[in-house]
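Report on one structure; see the data block that follows.
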Amino acid sequence: MQIGLVGLGKMGGNMRERLRNAGHTVVGYDTDPGKSDVSSLADLVNQLEAPRTVWVMVPAGGPTQHVIDQLAGLLKPYDTVVDGGNSRWTDDEKHAEELSKRGIGFVDAGVSGGVWGLKNGYALMVGGEKETVDRLRPIFEALKPEGPYGFVHAGRVGAGHFAKMVHNGIEYAMMQAYAEGWELLEAVDSVDNVREVFRSWQEGTVIRSWLLDLAVDALDEDEHLEGLRGYAQDSGEGRWTVEAAIDNSVPLPAITASLFARFASRQDDSPQMKMIAALRNQFGGHAVESAKKA
């Protein structure tokens, strides 16, 4: 099967290779000429036979909108655009409506697998019309992990990215739990081999997971994580998950707390903790520490 792939970064480039390894023809375009197979989006579209499929793997928001706007003017009726980035599900609905006016199909694909996807395959959560999704099955089968799992047609347009958003929210909470457990183990005197405690959990425990395996890999590289700063960025999906929970009156205390913990990581001197320290001093006479002067 032929497919165009726009965006050949860490994931897009590996996806191109995995698809080619499965026997598919991939025409890739990237703004970096060193990665690109063609010189422009128009050239990419011209090299594909109708009905064309173009998979977009660029950052969510403006970059995705820009590419879809361009493709809307280049593609023909019965062609299909797949957004495999981390777009918000509400953007999917907008893009599908815009493209449908030109007779162009749209599928949203939540993709998980990161830098390991080339070797292990990508978990795919897809939204769109059944007929369109079924036509693209050979592509999904090539990208997904071997075996019966790793692909789902989650529902109508937007369902794929909504499912991926919730997946990432769960990921936030799981990582936070491992991080809190690690910090507590490091804080006590009785445990003197925290890394091996984590390693012992990799088999036979209810908390074993790929994330745990990756945590052990990180501790093997830097046993006490001394080379890292305690700062964690957040992607849009964590915030969107909490927003969706509010909109649907669904309590998400663990996921919400894990998102707020990332915000706290960016503060060298927490204003909230200043107020807590001041209040503890006022009602209980507890000691306070003076701010360090520059």
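Worth saying up front: this structure is predicted, and the values here are computed from it rather than measured.
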Just so I know, are the side chains of [X] and [Y] near enough to count as touching, which here means a heavy-atom distance under 4.5 Å?
{"X": "Thr64", "Y": "His95", "answer": "yes"}
{"X": "Asp108", "Y": "Phe162", "answer": "no"}
{"X": "Leu19", "Y": "Met1", "answer": "no"}
{"X": "Gln202", "Y": "Leu212", "answer": "yes"}
{"X": "Arg135", "Y": "Thr80", "answer": "yes"}
{"X": "His24", "Y": "Ile139", "answer": "yes"}
{"X": "Phe140", "Y": "Val133", "answer": "yes"}
{"X": "Val81", "Y": "Leu99", "answer": "yes"}

[X]-[Y] co-clustered via ILVMFWY side chain contacts under 4.5 Å:
{"X": "Val111", "Y": "Tyr29", "result": "no"}
{"X": "Leu136", "Y": "Leu44", "result": "no"}
{"X": "Val115", "Y": "Trp210", "result": "yes"}
{"X": "Val157", "Y": "Met165", "result": "no"}

Atom pair [atom1] ([X]) and [atom2] ([Y]), whose distance is rounded to the nearest 0.5 Å:
{"X": "Glu223", "Y": "Asn193", "atom1": "CD", "atom2": "CG", "answer": "6.0 Å"}
{"X": "Lys119", "Y": "Glu17", "atom1": "NZ", "atom2": "CD", "answer": "13.5 Å"}
{"X": "Leu252", "Y": "Glu243", "atom1": "CG", "atom2": "CD", "answer": "12.0 Å"}
{"X": "Asn168", "Y": "Trp240", "atom1": "CG", "atom2": "CH2", "answer": "10.0 Å"}
{"X": "Arg88", "Y": "Lys94", "atom1": "CZ", "atom2": "NZ", "answer": "13.5 Å"}
{"X": "Asp220", "Y": "Arg195", "atom1": "CG", "atom2": "CZ", "answer": "5.5 Å"}

| query | Has Glu129 got more than 12 heavy atoms of other residues, nucleotides or ligands less than 6.0 Å from its CD? | reply | no
| said: Could you check whether Thr241 and Tyr172, counting side-chain N and O atoms only, form a donor-acceptor pair closer than 3.5 Å? | reply: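 Thr241 and Tyr172 do not have a side-chain donor-acceptor pair below 3.5 Å.
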| Going by atom types only, do Asp83 and Ser87 share a side-chain donor-acceptor pair under 3.5 Å? | yes
Does [Y] offer a backbone N or O that forms a donor-acceptor pair with the side chain of [X] under 3.5 Å?
{"X": "Thr256", "Y": "Pro253", "answer": "no"}
{"X": "Arg52", "Y": "Asp79", "answer": "no"}
{"X": "Asp43", "Y": "Val38", "answer": "no"}
{"X": "Arg208", "Y": "Thr205", "answer": "yes"}
{"X": "His161", "Y": "Gly85", "answer": "yes"}

| query | Between Gln2, Arg16, Met15, which is the residue that forms a side chain to side chain contact (heavy atoms under 4.5 Å, CB included) with Val26? | reply | Arg16
| query | Can you name the nearest heavy-atom pair linking Met125 to Ser112, along with the distance? | reply | CE-CB, 4.3 Å
| request: Might you point out which heavy atoms bring Phe198 and Tyr178 nearest each other, and give the distance in Å? | output: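 Heavy-atom minimum between the residues: CZ-O, 3.6 Å.
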| request: Go through the steps to decide whether Asp37 and Arg20 satisfy the test salt bridge (charged side-chain N to carboxylate O under 4.0 Å, His left out), and finish with yes or no. | output: CA-CA 13 Å; Asp37 300 318; Arg20 286 176 174 172; 2.8 Å; yes
